Amino acid sequence: MTANATVNELASTIKKLAIKGKGILAADESVPTITKRFQANGIESTEDSRRAYREMLVTTPGCNQFIAGIILFEETLNQTTSKGLLFPQLLNQLDILPGIKVDKGLIPLINLENPAQKEEITQGLDGLPERLADYKSKGARFAKWRAVYAISQNTPSTLAIQTNAEILARYAAICQQQGIVPIVEPEVLIDSDHTIARCEEVSGPVFHAVFEALYRHHVKLEYIVLKPSMVISGKTCAQKSSVQETADATLRILQQTVPSAVPTINFLSGGQTSLQATAHLNAMNQHVLPWNLSFSYARALQEDAMKIWAGKAENIPAAQAAFYKRAKLNSLAAKGEYTEMMEREAAALVA
Ligand code: 13P
């Protein structure tokens, strides 16, 4: 494929992903992660139950008004739906772009100055070009790679920040070479007692290092999706940041570190409640910004639907109504048009 054809492919994919008011559904939980979430809801995790669950989400009538792309796990990419279509074929019929999680999960970062720190990096670069070519032949148009940063008194360390940035940039460069739009996901974890001020102090250097590495690796920022965590107080922090504080701090850090060449920023929800994730996105979209600001949530889109579905076919309409509601409200938040009142008008929102 010529360099021009590859750029055209990247341009056509990012154009669809960056449509105002549309977001991305992350349905790419690894088998251990989805199993944990299923178990918490009393659902057995088998290849078929995972297929049935994801088919239920994807076939929610009308969700393609709000969802531009869905990130799949490798297992799902190769699965056939009950109607005999492969998932990517079904998504194409619905005008939803198929994406694929390509990282191979976390491993310890060794030789830290303080070995008690226990930080992690993400693996999966070996053989990535060949895997991407295979995923692309099966219909994937964009990819996802997640790096994590835990906050403690001494972390993230400079070594973790630099190593993760380098790996994210290598991944992004390889994706673009293959005509696949990379989602670059630096996630500063919410699970600790840190204040919002500490999260802000950490997030600046993390995002800055990522963009410095992307620049050094000649990644075309016009054809990436940034999927960051929000700047927010930790889960067990006594002083919870308000919606306004979270929105202001997140925008401050993004404006300081993310070039305007990036077309779209799609947040992860990271353990926020569904309502918080929607409210934060909406508050940020009250401003005129250089990028599209939308969502790429897993839990904040799926939580209610999974609970209601509970592994039973008779619950599909109610579970799909719950998924439709969250997708629609987040779509409104991505345009700054959401109000909390809409949560109560749920019934009217369901198509
Ligand atoms: P959450 O929205 O549940 O954080 O998941 C997003 C994601 O894709 C994590 O990699």
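The first residue of the sequence shown is numbered 1, and numbering continues consecutively from there. Computed from a predicted structure; not experimentally measured. As the structure lists them, so they are numbered: ligands from 1, and atoms in each ligand from 1. Reckoned from all heavy atoms, side chains included, excluding hydrogens, waters and symmetry mates.
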For this session: Check each atom of ligand 1 against the heavy atoms of G270 and keep those under 4.0 Å away; list them by number with element.
Result: 1 (P), 2 (O), 4 (O)
Exercise. Can you list the ligand 1 atoms lying under 4.0 Å from a non-hydrogen atom of R146?
Worked result: 9 (C), 10 (O)
Exercise. Under 3.5 Å, is there a donor-acceptor pair linking the side chains of T264 and N266?
Worked result: yes
Problem set entry | Between R146 and T122, a side-chain donor and acceptor under 3.5 Å | no
Exercise. With no hydrogens and no angle check, do the side chains of E343 and Y338 hold a donor and an acceptor under 3.5 Å apart?
Worked result: yes
Exercise. Got the closest protein heavy atom to atom 6 (C) of ligand 1, with its distance?
Worked result: K227 NZ, 3.5 Å
Problem set entry | Nearest-contact summary for atom 3 (O) of ligand 1 - protein heavy atom, Å | R299 NE, 2.7 Å
Exercise. What do you reckon, is NZ of K36 surrounded by more than 12 foreign heavy atoms closer than 6.0 Å?
Worked result: no
For this session: If you have a sec, work out which protein heavy atom is nearest atom 5 (O) of ligand 1 and how many Å separate them, to one decimal?
Result: A298 CB, 3.2 Å
Problem set entry | Contact atoms of ligand 1, heavy-atom distance to A26 under 4.0 Å | 8 (O)
Problem set entry | Where ligand 1 meets Y297 - atom numbers and elements under 4.0 angstrom, heavy-atom basis | 2 (O)
Seminar exercise, completed: closest protein heavy atom to atom 9 (C) of ligand 1 is E185 OE2, 3.2 Å
Exercise. Who's the nearest protein heavy-atom neighbour of atom 10 (O) of ligand 1, and how far?
Worked result: K144 NZ, 2.5 Å
Exercise. Has ligand 1 got any nitrogen or oxygen that is less than 3.5 angstrom from a nitrogen or oxygen of S296?
Worked result: no
For this session: For the pair E166 and R216, find out whether any cationic side-chain nitrogen is under 4.0 Å from an anionic carboxylate oxygen.
Result: yes
Exercise. Without hydrogens or angle criteria, can the side chains of S82 and E55 be said to hold a donor-acceptor pair below 3.5 Å?
Worked result: yes
Exercise. Can you find a side-chain donor-acceptor pair between Q256 and H208 that sits under 3.5 Å?
Worked result: no
For this session: Determine, step by step, whether D134 and K138 satisfy the salt bridge (Lys or Arg N to Asp or Glu O under 4.0 Å) criterion, reporting the C-alpha distance in whole Å, the side-chain angles of both residues, the deciding distance to 0.1 Å, and the verdict.
Result: CA-CA 6 Å; D134 178 48; K138 291 171 176 162; 3.1 Å; yes
Exercise. Nearest protein heavy-atom contact for atom 1 (P) of ligand 1: which residue, which atom, what distance?
Worked result: S269 OG, 3.3 Å
